[in-house]
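Everything on this sheet refers to the single structure shown next.
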Protein chains: 2
Amino acid sequence: MYTLAKACSHHNHGHCISDAINSARQLCDERGVRLTSLREQVLELVWQSHKPLGAYTLMDMLAEASTRRVAPPTVYRALDFLLEEGLIHRINSLNAFIGCPSPTQKHQSHFLICQNCSVAVELESQALNQSIIDAAADSGFSVTSHSIEINGLCPSCQASANKESK
Amino acid sequence: MYTLAKACSHHNHGHCISDAINSARQLCDERGVRLTSLREQVLELVWQSHKPLGAYTLMDMLAEASTRRVAPPTVYRALDFLLEEGLIHRINSLNAFIGCPSPTQKHQSHFLICQNCSVAVELESQALNQSIIDAAADSGFSVTSHSIEINGLCPSCQASANKESK
DNA sequence: AGAATTAAGGTTATAGTGTAACATAATGTC
DNA sequence: GACATTATGTTACACTATAACCTTAATTCT
Ligand SMILES: [Zn+2]
Ligand SMILES: [Zn+2]
Ligand SMILES: [Zn+2]
Ligand SMILES: [Zn+2]
């Protein structure tokens, strides 16, 4: 799991990409599912940044990279596969997709989303998970999945905002 | 705030509707904003059930009720107003809207959504709110808003499922 | 290896969701 | 009533996602 501080500040992002691709290959191999070149290419495009990207943006990037036209179903099918295998998540409030840094551990989609720089990072909190389970149980609700999307400002954008206001 | 048990079982739903309309009128009056007949009509349609409804469904209901054609911007503008005033919420994972039973108290959008009967009810948990604030603070993230969408089975659908499997 | 089967991707068309831009009507202010 | 403001009507379009059908590639089974 990457920290928010890392994702929204300067870092060697090549490592993020190669780590994601490598663990995806291993994971797919272990599960006996096929990480085809198209799927890998889409995963790599998703990982170009820590910002969620829309399907049509990915489609354009794909078209640009391969000098051939790409139609929506092509990218959506790849995205469906990646979602299914937990290699990416979908941010519902943005209609956008982002790479998962820890696809081997099954987990729910919980995100911090900076409304200034658009960076989104996963939030992992056992206390938060427990709060959800408890709250649902109080209502007699049986939980199968949940998503949390928290909007606000990442540390670097808070710093910029403070400078501005001085 | 309605309980989940009430919303997903038989109850006098007329009360839900009239309560919602009455408090909306009062709230808009106090705030000096106009609950026009169109806005009130959309609010009433949203409250026809405890299930989130899409904008186009509402548009069709509106057209059917008023024997005149209604275009998307008409319903979206009414929905925007109702969202702005906190009279309804948007369920991002469903692209749908649902009435808020407690619009006078400002709060975030936290929902339990039954994947069987589609009923969605708000979840109010101070512990959950605190968990979010704490988890975000740990990352140095400054929160402005958040939404939680929990999918699963409501009590009555759990009961039905148990019967089925016997 | 060759045939049968399955999985993945290509292609076209269309469904579903949401807005921009501009015109008209209603409301509020002086 | 003149004027500014707000709300709604209208048309056209942008963005997001899927259905249906066909072709190609990979896997499986003799
Ligand atoms: Zn990175
Ligand atoms: Zn930021
Ligand atoms: Zn009710
Ligand atoms: Zn149910």
Side-chain angles (χ1 to χ4, degrees), chain A residues 24-25 28-29 31-46 51-85 87-98 118 147 149, chain B residues 24-25 28-29 31-46 51-85 87-98 118 147 149:
Chain A
R25 283 177 179 157
C28 288
D29 195 50
R31 293 183 187 167
V33 295
R34 295 171 48 208
L35 186 64
T36 63
S37 69
L38 174 66
R39 290 165 174 176
E40 185 175 313
Q41 197 180 358
V42 171
L43 181 62
E44 188 163 352
L45 290 173
V46 166
K51 305 177 185 184
L53 296 178
Y56 278 69
T57 301
L58 290 165
M59 205 177 78
D60 293 343
M61 292 166 82
L62 207 50
E64 195 157 342
S66 49
T67 66
R68 75 179 194 283
R69 185 177 164 268
V70 179
T74 300
V75 66
Y76 276 104
R77 281 189 288 229
L79 290 169
D80 286 345
F81 170 84
L82 298 171
L83 283 170
E84 190 73 26
E85 299 302 328
L87 294 165
I88 61 172
H89 297 283
R90 182 174 198 278
I91 310 280
N92 288 321
S93 59
L94 300 175
N95 295 337
F97 304 86
I98 189 163
S118 303
S147 78
E149 298 176 15
Chain B
R25 282 176 179 161
C28 288
D29 194 50
R31 294 182 188 168
V33 295
R34 293 171 51 205
L35 186 64
T36 63
S37 68
L38 174 67
R39 290 166 175 175
E40 186 175 313
Q41 197 182 358
V42 171
L43 182 61
E44 189 163 352
L45 290 173
V46 166
K51 304 176 185 182
L53 295 178
Y56 278 69
T57 302
L58 289 164
M59 207 177 76
D60 292 344
M61 293 166 81
L62 208 51
E64 195 157 341
S66 48
T67 64
R68 75 179 193 285
R69 184 176 164 269
V70 179
T74 300
V75 66
Y76 276 104
R77 282 190 287 230
L79 290 170
D80 286 344
F81 170 84
L82 297 170
L83 283 170
E84 190 72 26
E85 298 302 328
L87 294 164
I88 62 173
H89 296 284
R90 184 174 197 280
I91 310 281
N92 287 322
S93 59
L94 301 174
N95 294 338
F97 304 85
I98 189 164
S118 303
S147 79
E149 298 176 14

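Naming convention: chains lettered A, B, ... in sequence-line order (proteins, then strands); numbering from 1 in each chain. FYI, side chains are in, hydrogens and waters are out, and symmetry mates aren't considered; it's all heavy atoms of this structure.
Note: CG (A:L53) to P (D:dT16) measures 11 Å, nearest angstrom. Distance CD (B:E84) to C1' (D:dA7): 15 Å, rounded to an integer number of Å. Computed from coordinates, the B:L62 CG to D:dT8 C1' distance equals 12 Å when rounded to whole Å. Taking atom CD of residue B:E85 and atom P of nucleotide D:dT6, one finds them 14 Å apart after rounding to whole Å. In this structure, A:Y56 places its OH atom 12 Å from C1' of C:dT17, rounding to the nearest Å. Across the protein-nucleic acid pair, A:N92 atom CG and C:dT17 atom P stand 14 Å apart, rounded to whole Å. For the pair B:L35 CG and D:dT8 C1', the computed distance is 15 Å after rounding to whole Å. The CE atom of B:M59 sits 14 Å away from the C1' atom of C:dT19 (whole-angstrom rounding).
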Do any side-chain atoms of residues 33-45 of chain A form donor-acceptor pairs under 3.5 angstrom with protein atoms, and if so which ones, sequence neighbours left out?
residue: A:T36; atom: OG1; partner: A:R39; partner atom: N; Å: 3.3
residue: A:R39; atom: NH1; partner: A:R34; partner atom: O; Å: 2.6
residue: A:E40; atom: OE1; partner: A:R25; partner atom: NE; Å: 3.2
residue: A:E40; atom: OE2; partner: A:R25; partner atom: NH2; Å: 2.6

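A:S93 meets the side-chain hydrogen bond (donor to acceptor under 3.5 Å, both in side chains) test with A:E149; sequence neighbours excluded. Checked against side-chain hydrogen bond (donor to acceptor under 3.5 Å, both in side chains), A:S66 has the following partners two or more places apart in sequence or in another chain: A:R68. Applying the salt bridge (Lys or Arg N to Asp or Glu O under 4.0 Å) test to B:R31 and every residue at least two apart in sequence or in another chain returns B:E85. Residues meeting the side-chain contact (heavy atoms from CB on, under 4.5 Å) test with A:L94, sequence neighbours left out: A:P52, A:I91, A:A96, A:I113.
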Let me have a per-nucleotide readout for nucleotides 6-11 of chain C, 5' to 3', with B, S or -, counting only protein heavy atoms under 4.0 Å. --SBBB
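Between A:L83 and A:F97, the closest side-chain pair of non-hydrogen atoms falls below 4.5 Å.
Judged by ring centres under 5.5 Å apart and planes tilted less than 30 degrees, A:Y76 fails to stack against the six-membered base ring of D:dT18.
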